[in-house]
S.K.: 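Here it is: the structure, laid out below.
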Amino acid sequence: MSQALSLAIKGTGKTQPNPCVGCVIVRDNIIVGQGYHSKAGQMHAEIIALEEAGELSQNADLYVTLEPCAHYGKTPPCTESIVSAGIKRVFIAMQDPNPLVKGKGISTLKDNNIKVITGILVEQATEINLGFISRMTLGRPYIRSKIAISLDGRTSLISGESQWISSEDSRKDVQVWRGKSCAILTGVGTVNYDNPNMTVRHISQQQQPLRIILDSNLSIDLNSKILAQKNILLVYGEDPRNKLKSLRDLKVNVLCLPLDKKKIDLHKLMEHLAGIEINNLWVEAGPNLNGSLLELGLIDELISYMAPILLGGKANPMFNNPILQSVANKIHLKLHDVRRVGCDLRIQSRVIR
């Protein structure tokens, strides 16, 4: 199963909206077939492994990181191929949370006299597909927020200047995380001040994650670099400056969502992102948007790059809200990973609910 998990990880950032899945087939204690799902619409891990094993699949054991599908989608059910190949035992790390599959694949295998063993390395299997699991169970993407901070917990000067707090090594590391994500979310303030591209380096325009800009009142600078790119979604609520026509002339994809307290309704946004099958959302934003996400319980994980610098008084914090009235209401985090990245410290922590 550990080998199957290693294979599954190879699909990270490439399989959405599907989960990452790895499969290994063993006969007489020898691996005779293996595979992983590399892209939506292409063969599933089980089918690749079965084809490699060929006739050696007969009476073999199959290890797979996620419950095999038992329904017709872009590809036929994997359970049919497993049964017809003569597999005698199937070891499954975790049940598929997709309602179309959940438990049905396991039942189909058992109904065909195949022994099924589940729950092997389930925590590791869960880690690989946090976004897919979140979309299937919570109806929204798994949300990671990246924040570069000083040692005194500040993200920018009072003027808004923030380039660069973290090191070049940290910025390279961010590229890896962006590449693992289905979409990148930022606010119009970040776009207007920093004029970023928000791209993943060294990949084509067509492969870039969806870049989402929140702009409640369409105050975006029409000359922003990001508007000249493909795969951009500008989310707005009102158009008091009459910019909508100009944006459409620029062929920018726009989405109108309702406002909540003069800001984009973030719950509605997450519903929309789940609807277009976004599994993993990467946030790079300022203290207002980050604060709103945190206050609404819409941040699952913080990726903080702490640089050995001080920005001093009146510099901007990580979050402008929520404003807590009591220490008893503090927000608890669980440290998931802490490591050096160049001269910075990368702190990966998860919100405890």
Side-chain angles (χ1 to χ4, degrees), residues 1-27 29-40 42-53 57 59-71 73 75-83 85-138 141-142 180 279-280 300-301 334 336-337 350:
M1 188 62 78
S2 180
Q3 172 67 4
L5 288 164
S6 296
L7 289 167
I9 290 170
K10 291 183 178 182
T12 303
K14 304 170 187 174
T15 64
Q16 56 263 16
N18 293 349
C20 297
V21 182
C23 179
V24 171
I25 297 174
V26 177
R27 178 168 164 172
N29 293 320
I30 297 172
I31 292 177
V32 294
Q34 53 188 338
Y36 70 95
H37 184 47
S38 60
K39 187 178 180 180
Q42 295 187 1
M43 285 194 297
H44 287 190
E46 300 96 315
I47 306 304
I48 296 170
L50 287 168
E51 286 196 355
E52 184 177 300
S57 297
N59 293 319
D61 294 333
L62 183 146
Y63 294 79
V64 65
T65 58
L66 191 69
E67 177 184 4
C69 62
H71 69 289
T75 57
C78 289
T79 50
E80 284 187 5
S81 297
I82 293 170
V83 171
I87 294 291
K88 68 174 181 179
R89 293 190 301 180
V90 175
F91 296 84
I92 299 170
M94 64 174 290
Q95 188 181 74
D96 193 328
N98 185 345
L100 293 173
V101 181
K102 195 174 182 179
K104 296 173 186 175
I106 293 171
S107 295
T108 299
L109 295 173
K110 288 181 176 179
D111 290 344
N112 284 276
N113 299 315
I114 295 175
K115 186 175 182 180
V116 178
I117 300 93
T118 61
I120 303 166
L121 300 183
V122 66
E123 290 183 3
Q124 293 90 325
T126 299
E127 282 291 321
I128 293 172
N129 287 308
L130 289 171
F132 179 76
I133 294 166
S134 179
R135 181 164 66 84
M136 289 297 161
T137 59
L138 300 178
Y142 186 83
K180 294 177 181 178
N279 289 337
N280 296 288
D300 297 299
E301 192 170 304
K334 179 182 179 181
H336 181 69
D337 184 82
R350 292 178 176 173

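Worth saying up front: this structure is predicted, and the values here are computed from it rather than measured.
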S.K.: Is the shortest side-chain heavy-atom distance between R135 and P17 below 4.5 Å?
M.R.: yes
S.K.: To the nearest 0.5 Å, what is the distance between CD1 on I87 and CZ on R27?
M.R.: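 I87 CD1 to R27 CZ: 9.5 Å, rounded to 0.5 Å.
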S.K.: Look up atom CZ in R89 and atom CD1 in I114, then write down how far apart they are to the nearest 0.5 Å.
M.R.: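 Between R89 CZ and I114 CD1, I get 12.5 Å after rounding to 0.5 Å.
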S.K.: So C69 and V101, do their side chains get closer than 4.5 Å, heavy atoms only?
M.R.: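 Yes, their side chains come closer than 4.5 Å.
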S.K.: Between N98 and M136, which heavy-atom pair has the shortest distance, and what is it?
M.R.: CA-SD, 3.7 Å
S.K.: With heavy-atom distances below 4.5 Å as the criterion, would you say the side chains of I128 and L5 are in contact?
M.R.: yes
S.K.: Taking H37 for its side chain and M43 for its backbone only, find out whether a donor-acceptor pair lies under 3.5 Å.
M.R.: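 Yes, because the side chain of H37 sits within donor-acceptor range (under 3.5 Å) of the backbone of M43.
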S.K.: Determine whether I25 and L50 make a side-chain contact, defined as any pair of heavy atoms from C-beta on separated by less than 4.5 Å.
M.R.: yes
S.K.: Is it true that E52 and Q34 share a donor-acceptor pair across their side chains at a distance under 3.5 Å?
M.R.: no
S.K.: Any salt bridge between D96 and K102, counting N to O under 4.0 Å?
M.R.: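 No, this pair does not count.
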S.K.: Side-chain contact test, heavy atoms from C-beta onward, threshold under 4.5 Å: evaluate it for Y36 versus S38 and give yes or no.
M.R.: yes
S.K.: Assess whether a salt bridge exists between E127 and R350, defined as any Lys/Arg side-chain N lying under 4.0 Å from an Asp/Glu carboxylate O.
M.R.: yes
S.K.: Is it the case that the side chain of S57 and the backbone of A85 share a donor-acceptor pair, with hydrogens and angles ignored and the cut-off at 3.5 Å?
M.R.: no
S.K.: Which distance, rounded to the nearest 0.5 Å, do you find between the CG of D300 and the OG of S134?
M.R.: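 Result: 5.5 Å between the selected atoms.
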S.K.: What's the verdict on side chain to side chain contact (heavy atoms under 4.5 Å, CB included) for K88 and D61, showing C-alpha distance, side-chain angles and the deciding distance?
M.R.: CA-CA 6 Å; K88 68 174 181 179; D61 294 333; 3.6 Å; yes
S.K.: When you measure from the side chain of E67 to the backbone of I106, do you find a donor-acceptor pair of N or O atoms at a distance under 3.5 Å?
M.R.: yes
S.K.: Could you pull out the closest heavy-atom pair between Q95 and L66, with the gap in Å?
M.R.: O-CD1, 3.9 Å
S.K.: Could you report the tightest heavy-atom contact between T15 and C20, atom names first, then the distance?
M.R.: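 Answer, listing the atom of T15 first, then C20: OG1-SG, 3.6 Å.
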S.K.: Under 3.5 Å, side chain of T108 to main-chain N/O of K104, donor-acceptor pair present?
M.R.: yes
S.K.: Kindly say whether P19 contributes a backbone atom to a donor-acceptor pair with the side chain of N129 at under 3.5 angstrom?
M.R.: no
S.K.: When you look at V116 and I92, which way does the side chain to side chain contact (heavy atoms under 4.5 Å, CB included) test go after all the steps?
M.R.: CA-CA 7 Å; V116 178; I92 299 170; 3.8 Å; yes
S.K.: To the nearest 0.5 angstrom, please state how far the CD1 atom of I31 sits from the CD atom of Q3.
M.R.: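 These two atoms lie 5.0 Å from each other.
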S.K.: Please report the C-alpha distance between V24 and L7 in whole Å, then the side-chain angles of each, then the deciding distance to 0.1 Å, and finally whether the side chain to side chain contact (heavy atoms under 4.5 Å, CB included) criterion is met.
M.R.: CA-CA 9 Å; V24 171; L7 289 167; 3.8 Å; yes
S.K.: Let's go through V26 and I30 carefully: what are the C-alpha distance in whole Å and the side-chain angles of both, what is the deciding distance for side chain to side chain contact (heavy atoms under 4.5 Å, CB included) to 0.1 Å, and is it a yes or a no?
M.R.: CA-CA 5 Å; V26 177; I30 297 172; 5.8 Å; no
S.K.: Do the side chains of C23 and L62 get nearer than 4.5 Å, heavy atoms only?
M.R.: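 Side chain of L62 against side chain of C23, heavy atoms only: contact under 4.5 Å found.
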S.K.: Working to the nearest 0.5 Å, report the span between CD of E80 and CG of L109.
M.R.: 11.5 Å
S.K.: According to the interplanar angle, ranging from 0 to 90°, do the rings of Y63 and F91 count as parallel (below 30°), tilted (30 to 60°) or perpendicular (above 60°)?
M.R.: parallel
S.K.: With distance as the sole test, does T65 use its side chain to make a donor-acceptor pair with the main-chain N or O of G22 at under 3.5 Å?
M.R.: yes
